[in-house]
Amino acid sequence: MKAKVSIIIPIYNGEKVIEHALKSCLTQKYKDFEIIVVDNGSTDNTYKVLSNFLDGTHNIKYLYTEIKGRSNARNLGIEIAEGEYIKFLDADDRLSEYGLKESVDFLEQNPDYFAICGTVSYVNTLNNNSVKKRIDKDINNLQFRNLFPINSVLFRNYKIIPFSNKLEYCEDWLFWFDNLWGKLIKIDNDILAGDVYVTGQNSMRNTRLMARYRSVVRANIVGKIEYKKYMYKEDIKSCLTYFWSYSNEEKHEKYVDQYMKKRYHFLFSATKMLYNFYPFKLYYNRRKNKQERKNYYLQE
């Protein structure tokens, strides 16, 4: 019998964290699920740890690929997923005990909804602080920023647009936009979907690079929507953030600049001229640096 839910876990050299992720799945109050672990080329003892769970007593599928990247791993998981619903979980994160059950119950009772999103707790392992952050309920803002942590959404396994393999970061934002935009989504902050662990090694720590990819993803989205005047303010911010994301010593990637210019047209060129005006650049960088220092992920 096919499982109702497919939980997809991409992993690379996750020997120290995968056991906790798997146990958070196996202790779910909801039991009708399969776990798909996609190992994209681990060189540590990841498989040795996993082998303790691959004895047939748990519904766990293991897939190994030499191709690196979270996007490729998740896409492979989607391809073999048999569940009616899909949930993503990163190897260093966890699911809450009741989150899956509450999410499945809602989608079962509301067939018109494509997905449901709960909130998550961010756990900073550098200081053991945790913060539960509410999800923005205005789905219109998904075009400007990622609203959904990767393990917060349960969605129907139907006509899924795969992850882009061209993005190193923020690939989840583009995936959510491609698959959730224009569909009926329930956002319920009373459901705790799980925990996101900020370890100091994951992508959220590199705020400049993350900021750059956010700008690139927004540029991608611009090409998929009907552009309206109210978007100019947000996109000026996006372009300024893009220029700020390069340190003084770092050279711009020409092909990325060309892509941004192609998507934003005159707005990109005009913002570049503004940013290169030294007094403004000095003012903006100071303000942006101060803003980023307040970022929760950087508090040690």
Side-chain angles (χ1 to χ4, degrees), residues 1-97 99-100 120 122-126 149-155 157 160 162-172 175 193-206:
M1 181 180 295
K2 295 182 179 179
K4 196 73 170 180
V5 178
S6 296
I7 303 173
I8 299 174
I9 307 176
I11 188 168
Y12 175 73
N13 288 349
E15 62 179 1
K16 296 180 180 179
V17 294
I18 186 59
E19 182 175 355
H20 295 294
L22 289 176
K23 286 183 176 179
S24 78
C25 297
L26 298 175
T27 55
Q28 289 292 303
K29 292 301 180 183
Y30 185 82
K31 300 297 183 182
D32 189 7
F33 60 82
E34 64 174 355
I35 302 172
I36 302 172
V37 180
V38 184
D39 185 342
N40 52 333
S42 291
T43 56
D44 63 356
N45 290 318
T46 290
Y47 181 77
K48 183 177 180 180
V49 176
L50 279 168
S51 62
N52 296 322
F53 297 88
L54 301 176
D55 57 3
T57 59
H58 308 297
N59 192 5
I60 301 178
K61 299 176 182 177
Y62 174 77
L63 181 63
Y64 182 87
T65 175
E66 294 285 353
I67 303 174
K68 300 291 192 297
R70 293 186 301 271
S71 293
N72 177 70
R74 290 175 185 145
N75 287 338
L76 290 175
I78 292 171
E79 288 178 11
I80 66 173
E82 296 183 344
E84 182 178 344
Y85 307 115
I86 291 178
K87 165 77 78 171
F88 294 122
L89 177 65
D90 283 351
D92 52 354
D93 296 334
R94 301 176 194 179
L95 297 180
S96 68
E97 189 176 11
L100 200 57
V120 300
Y122 289 92
V123 182
N124 189 330
T125 59
L126 297 179
I150 195 65
N151 59 342
S152 67
V153 180
L154 182 73
F155 60 97
N157 186 5
I160 304 302
F163 284 87
S164 170
N165 285 314
K166 296 180 180 180
L167 295 171
E168 293 182 52
Y169 303 101
C170 301
E171 74 289 341
D172 49 342
F175 178 87
D195 299 321
V196 173
Y197 283 77
V198 186
T199 63
Q201 297 178 340
N202 57 18
S203 58
M204 286 184 291
R205 300 292 296 183
N206 193 335

Contacts of Asp55 meeting side-chain hydrogen bond (donor to acceptor under 3.5 Å, both in side chains) (sequence neighbours excluded), chain-then-number -> Thr57
Rounded to the nearest 0.5 angstrom, the NE2-CG distance for His58 and Asn52 is 9.5 Å
Can you check whether Ile150's main-chain N or O pairs, donor with acceptor, with Asp172's side chain at less than 3.5 Å? no
Shortest non-hydrogen pair, Glu82 vs Lys61, comes out as CD-NZ, 3.6 Å
message: For Leu63 and Val37: C-alpha separation, side-chain torsions, deciding distance, then whether side chain to side chain contact (heavy atoms under 4.5 Å, CB included) applies.
response: CA-CA 6 Å; Leu63 181 63; Val37 180; over 6 Å; no
Sequence neighbours excluded, the answer for side-chain contact (heavy atoms from CB on, under 4.5 Å) partners of Pro149 is Val120, Tyr122, Ile135, Asn151, Ser152, Val196
Residues passing the side-chain contact (heavy atoms from CB on, under 4.5 Å) test with Lys29, sequence neighbours excluded, are Glu97, Tyr98, Lys101
Looking only at heavy atoms, the pair that brings Gly99 and Gln28 closest together is N-OE1, 4.5 Å
**Asked** Quick check: does any side chain N or O of Thr46 sit under 3.5 Å from a backbone N or O of Gly14, one acting as donor and the other as acceptor?
**Response** yes
Review point. Counting N and O atoms only, with roles assigned by atom type, does the side chain of Arg70 sit under 3.5 Å from a partner on the main chain of Glu168, one being a donor and the other an acceptor?
Key: yes
Hits for side-chain contact (heavy atoms from CB on, under 4.5 Å) against Ala91, two or more places apart or cross-chain, chain-then-number order -> Ile9, Ile11, Val17, Ile18
Residues 6-48 vs ring pair (Phe, Tyr, Trp, His ring centres under 6.0 Å), sequence neighbours excluded, gives Tyr47-Tyr62
Problem set entry | Main-chain N/O of Ser42 paired with Asp39 side-chain donor or acceptor, under 3.5 Å | yes
- Query: Ile7 and Leu100: side chain to side chain contact (heavy atoms under 4.5 Å, CB included), yes or no, with the steps?
  - Reply: CA-CA 10 Å; Ile7 303 173; Leu100 200 57; 4.1 Å; yes
Residue pairs passing the ring pair (Phe, Tyr, Trp, His ring centres under 6.0 Å) test with at least one member in residues 65-84, sequence neighbours excluded, are none
Tested for side chain to side chain contact (heavy atoms under 4.5 Å, CB included) against Lys87, the lone hit among Ile8, Ile35, Leu95 is Leu95
One should read off an interatomic distance between Ile60 CD1 and Leu50 CG, to the nearest 0.5 angstrom, of 7.5 Å
Of all heavy-atom pairs linking Ala21 and Leu89, the shortest is O-CD2, 3.9 Å
So the salt bridge (Lys or Arg N to Asp or Glu O under 4.0 Å) pairs with at least one residue in residues 4-18 (sequence neighbours excluded) are Lys4-Glu84, Lys4-Glu108
Residues passing the side-chain hydrogen bond (donor to acceptor under 3.5 Å, both in side chains) test with Lys23, sequence neighbours excluded, are Glu19
| query | Can Glu34 and Ser6 be counted as having a side-chain donor-acceptor contact under 3.5 angstrom? | reply | yes
Those residues at least two apart in sequence (or on a different chain) that pass ring-ring contact (aromatic ring centres under 6.0 Å, His included) with Tyr64 are none
Derivation of the side chain to side chain contact (heavy atoms under 4.5 Å, CB included) call for Leu76 and Thr65: CA-CA 9 Å; Leu76 290 175; Thr65 175; 3.8 Å; yes
Phe88 meets the ring-ring contact (aromatic ring centres under 6.0 Å, His included) criterion, sequence neighbours left out, with Phe155, Phe163, Phe175
Worksheet item: Near Lys166 NZ, under 6.0 Å, is it more than 12 heavy atoms from other residues, nucleotides or ligands?
Response: no
Sorted by chain and residue number, the side-chain hydrogen bond (donor to acceptor under 3.5 Å, both in side chains) partners of Asn165 (sequence neighbours excluded) come out as none
Should Asp90 and Pro10 count as side-chain neighbours, where that means a heavy-atom distance under 4.5 Å? yes
Across all chains, not counting sequence neighbours, the side-chain hydrogen bond (donor to acceptor under 3.5 Å, both in side chains) partners of Asn157 are none
### Query
Can you find a heavy atom in the side chain of Ser71 that is under 4.5 Å from one in the side chain of Glu171?
yes
